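For reference, the structure discussed in these notes is given below.
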Amino acid sequence: MPRLRKRNRDRKHFPALPSAPAALPAPRWADGLSDVSIAGDPMAFPHLARTDLPAHPTTVGGYARLVREIAADRARWEPLVRYDALTRWYARLETGPGYEVWLLSWLPGQSSGFHDHGRSSGVMTVLAGELTERSLTAGGEGSRPLGPGGLRVFSTGHLHEMVNASLEPAVSLHLYTPGLVEMNQYPTTAADPAGAPADPAAANPGRHWAH
Ligand SMILES: [Fe+2]
C-alpha cells in the first residue's frame, strides 16, 4: 500500500494537457497543405526559378509568330527537305504542349486531296515555291496561291485541298493545334465519288509520320 501512494503522489507533477480551442481557424487549403507550404516558395530561391525554359505559344498570334520564326531559320528546315516522286514528304520539326509543326516537300502535281483536320486548327506558310489552296466554304469553292511569306490560318472544320500546281518543287510549313491526329478525306470532284485523293499520302497521313 505505501508503494501505491507514492505513484499517486508523482502524478501530480505531470503537466496538464492543453485543452483544444473552441474553434480552429479554417485552413487556407482544403487539406491544410499546399505546394508552397510543403516545398517552400520557389521564387524565394533564385536557383529554383527556371528562366531558361522555352516559352511555348498558346494563342493564334503566338502560333503565327512561331511559324514565322521557323520559316526565317532556313538552316533549321532546309536539311529536312526531301522530294519523293511517290508522295509528299513529311518531317516533324517541332512539338510542344498542344501543338506540332510539320515540314512538307511537294513535287509538281502532288496534292493533299480535299480534307479537313479533325479537331485541329492551324497555321501554314510556304517556304519555297508556290502552292495553291482550293477551299470549300458556304460561299462556294475558292482558289488562291500561297507563296513564300504568305500565311494562312485555319480553324477546326476548314475544308481545303493543297496542291503544287506549279512546275517547280515547293516546301511548306504547317502548325497544328492540337497535334494532327485525324484527317477526313472528301471527294475532289463530283466525278470522284470514291473520294480518292490525288496523293496517297493524304489517305493515310499517319503512315508517313513514322518516316
Ligand atoms: Fe490541310
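Numbering of residues begins at 1 and proceeds along the displayed sequence. Since we're looking at a predicted model, the values are computed, not measured. Counting convention: from 1, in listed order, for ligands and their atoms alike.
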| said: Looking only at N, O or S atoms, which one in His160 sits nearest to the Fe ion (ligand 1)? | reply: NE2
| note | Here the N/O/S atom of His117 closest to the Fe ion (ligand 1) would be NE2
| request: May I ask you to check whether Tyr186 and Glu161 show a side-chain donor-acceptor distance below 3.5 Å? | output: no
| query | Do Glu141 and Arg134 meet the salt-bridge criterion of a basic N to acidic O distance under 4.0 Å? | reply | no
| said: Check this for me, if you would: do Arg76 and Glu69 make a salt bridge, where the nitrogen-to-carboxylate-oxygen distance has to be below 4.0 angstrom? | reply: no
| query | Quick check: does His158 put an N/O/S atom under 2.8 Å from the Fe ion (ligand 1)? | reply | no
| Below 2.8 Å, any N, O or S contact between His174 and the Fe ion (ligand 1)? | no
| message | Would you say the ring centers of His115 and His158 fall short of 6.0 Å from each other? | response | no
